Amino acid sequence: ALLSNALISMYTKLGSISEGYRIFNRMTNRDVITWNSLLSGFHDNKPSDEGNKIFKRMLIDGFKPNMYTYISTLRSCSSLSNVELGRQVHAHIIKDKLDIDGYVGTALIDMYAKCGCMEEVQAIFNKLSKKDVFTWTVIISGLSQTNQGEKAAQFFNEMRKEGVIPNKFTIASCLRACSGMTSLENGRQLHSLAIKAGLFTDIFVSSALVDMYGKCGYIDDAETLFKEMKLHDTVTWNTMICGYSQHGEDEKALEAFSEMINSGLLPDEITFLGILSACSHMRLVEEGKKYFYSMSESYGIAPSIEHYACLVDMLGRAGKFDEVERFIEKLELTPN
RNA sequence: CUCCGUCUGAAGUUAAAA
């Protein structure tokens with residue numbers, strides 16, 4: 001069982017969920033760790049309710065979850081904003097007296113924060129005896145992600161008063177809060193803090209800085225920062241492309257797209273939202289259609305309803321209302 | 001008693017309109 005467990009964990013963490021399941025299904029000597037190993041694979045992959053299914057199946061099969069199980073299941077709840085299951089798991093945790101554990105507490109706070117349940121967050125937070133940088137950061141990121149930037153800033157200040165040193169996760173989350181509030185002052189302070197702490201070169205921190213300057217209206221500063229970065233990934237390019245497009249610097253958005261492709265990176269669905277938006281601003285209907293069809297033809301990305309909306313917007317701005325109608329009629333998606 | 005061990009916690013980019 002020890003070897004099989006390790007194998008399941010390896011496969012699921014590498015994204016080969018089906019390989020993990022194959023070993024799992026062949027095992028006759030499953031233990032709690034077997035189930036936990038299976039659960040651990042759904043952490044870094046796309047959100048799915050597979051984790052919740054495994055948790056329930058485990059209970060039905062008569063296995064007693066431990067704190068590893070609960071933490072993994074809570075992660076699924078967080079990524080799906082499934083507070084109903086989260087509360088059920090919480091009840092199990094209290095029953096098993098595991099709620100005093102720091103990791104469990106952090107996972108619970110994260111789940112409630114991402115679901116927007118601040119009363120629960122406060123209650124658990126107040127009860128925790130030891131608060132580390134993870135505890136503070138999950139709250140700050142939860143508030144940033146639910147557009148409660150002012151509260152995020154309050155927690156950040158309180159954290160520093162307590163003498164807890166922010167790390168790159170904390171800084172990136174706070175920068176997101178600044179972007180949401182277009183708070184240039186706080187953003188600049190975080191910028192110098194990041195330099196002092198040696199976190200400036202982290203790609204999450206620097207991308208968040210590029211975004212912050214863009215959102216605060218300083219697209220030139222964002223561009224300068226972007227060009228100074230040694231590493232660019234898809235998210236960094238997306239930040240710059242969407243920043244250009246949001247500022248009406250649409251030609252630059254398209255140029256950036258070409259540069260991105262030339263550098264060997266692949267675009268994703270967010271890249272195309274920025275690109276289609278730029279084409280729409282410029283009334284570049286034919287060019288925009290080319291980009292739209294290249295999504296599935298060249299990059300294997302299925303357009304979402306947002307992409308279709310961009311195309312409708314583009315046709316509408318260009319005054320092509322008859323074409324808009326035809327386009328909507330032949331939609332394979334249900335219009336919203 | 002201490003350490004180790006097959007499973008545990010957080011971060012950046014998202015169209016239009018109003």
Side-chain angles (χ1 to χ4, degrees), chain A residues 1-10 12-13 20 31-41 43 65-75 78 98 101-111 113-114 132-142 144-145 166-179 199 202-212 214-215 222 226 229 232-243 245-246 267-281 288 303-314 316-317 336:
Chain A
L2 196 133
L3 186 60
S4 302
N5 290 346
L7 277 170
I8 292 173
S9 175
M10 181 196 76
T12 54
K13 283 211 174 85
D31 58 15
V32 189
I33 297 180
T34 314
W35 290 90
N36 291 348
S37 300
L38 197 58
L39 273 170
S40 74
H43 287 170
N66 61 18
M67 56 189 228
Y68 292 79
T69 322
Y70 291 135
I71 290 167
S72 292
T73 310
L74 284 172
R75 276 188 78 164
S78 297
L98 291 172
D101 178 79
Y103 278 37
V104 174
T106 305
L108 276 170
I109 290 175
D110 183 50
M111 184 276 294
K114 290 214 170 73
D132 63 10
V133 65
F134 278 73
T135 325
W136 289 99
T137 304
V138 287
I139 298 190
I140 292 168
S141 72
S144 308
Q145 287 172 29
N167 63 19
K168 53 191 181 181
F169 288 72
T170 325
I171 301 292
S173 297
C174 287
L175 282 167
R176 176 178 168 137
C178 294
S179 296
L199 302 172
D202 179 76
I203 196 159
F204 280 71
V205 171
S206 42
S207 299
L209 279 168
V210 170
D211 184 57
M212 184 276 294
K215 290 277 186 349
F226 176 85
M229 289 173 68
H232 295 140
D233 65 6
T234 299
V235 172
T236 324
W237 281 106
N238 287 351
T239 307
M240 206 60 238
I241 289 169
C242 293
S245 162
Q246 282 158 10
D268 64 9
E269 39 289 300
I270 295 174
T271 318
F272 282 103
L273 284 179
I275 288 302
L276 292 173
S277 168
C279 291
S280 181
H281 296 153
S304 71
I305 193 151
E306 285 84 2
H307 297 105
Y308 284 97
C310 284
L311 222 73
V312 170
D313 175 66
M314 191 172 74
R317 280 188 210 243
N336 65 11

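Naming: A, B, ... by sequence-line order, numbering from 1 per chain. Computed from a prediction, not measured in an experiment: that's the story for all the values here. Hydrogens, waters and symmetry mates play no part in the numbers below; they use all other heavy atoms, side chains included.
A:Phe204 is not listed as a side-chain neighbour of A:Lys168, based on a closest heavy-atom distance of 4.5 Å or more. For the pair A:Met111 and A:Arg75, the minimum side-chain heavy-atom distance is 4.5 Å or more.
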Handout entry: Steps toward side-chain contact (heavy atoms from CB on, under 4.5 Å) verdict (A:Leu273, A:Cys242)
Key = CA-CA 8 Å; A:Leu273 284 179; A:Cys242 293; 5.7 Å; no

Handout entry: A:Ser72/A:Asn36 under side-chain contact (heavy atoms from CB on, under 4.5 Å): CA gap, chis, key distance, verdict
Key = CA-CA 8 Å; A:Ser72 292; A:Asn36 291 348; 5.9 Å; no

Nucleotide N/O to protein N/O under 3.5 Å, stretch nucleotides 4-6 of chain B:
unit_1: B:rU6; atom_1: O2; unit_2: A:Asn5; atom_2: ND2; d: 3.0

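A side-chain donor-acceptor contact under 3.5 Å links A:Asn238 and A:Thr271.
Rounded to whole Å, the P atom of B:rG9 lies 15 Å from the corresponding atom of B:rG5.
As judged by a 4.0 angstrom heavy-atom cut-off over every strand, A:Asn167 is placed among the base-contacting residues.
For A:Lys13, the side-chain atoms get nearest to B:rC7 when compared with the rest of B:rG9, B:rC7, B:rA10.
Considering CD1 of A:Ile33 and CD1 of A:Ile8, their distance stands at 11.0 Å, rounded to 0.5 Å.
Considering all non-hydrogen atoms of both residues, A:Lys13 and A:Ser40 come closest at NZ-OG, 3.7 Å.
In this view, A:Asp313 and A:Ser280, A:Arg317 satisfy the side chain to side chain donor-acceptor pair (under 3.5 Å) rule, not counting sequence neighbours.
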Handout entry: Nucleotide-resolved protein contact map, nucleotides 11-18 of chain B, B/S/- at heavy-atom distance under 4.0 Å
Key = BBBBBSS-

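The separation between A:Asp101 atom CG and B:rG9 atom C1' is 9 Å, rounded to whole Å.
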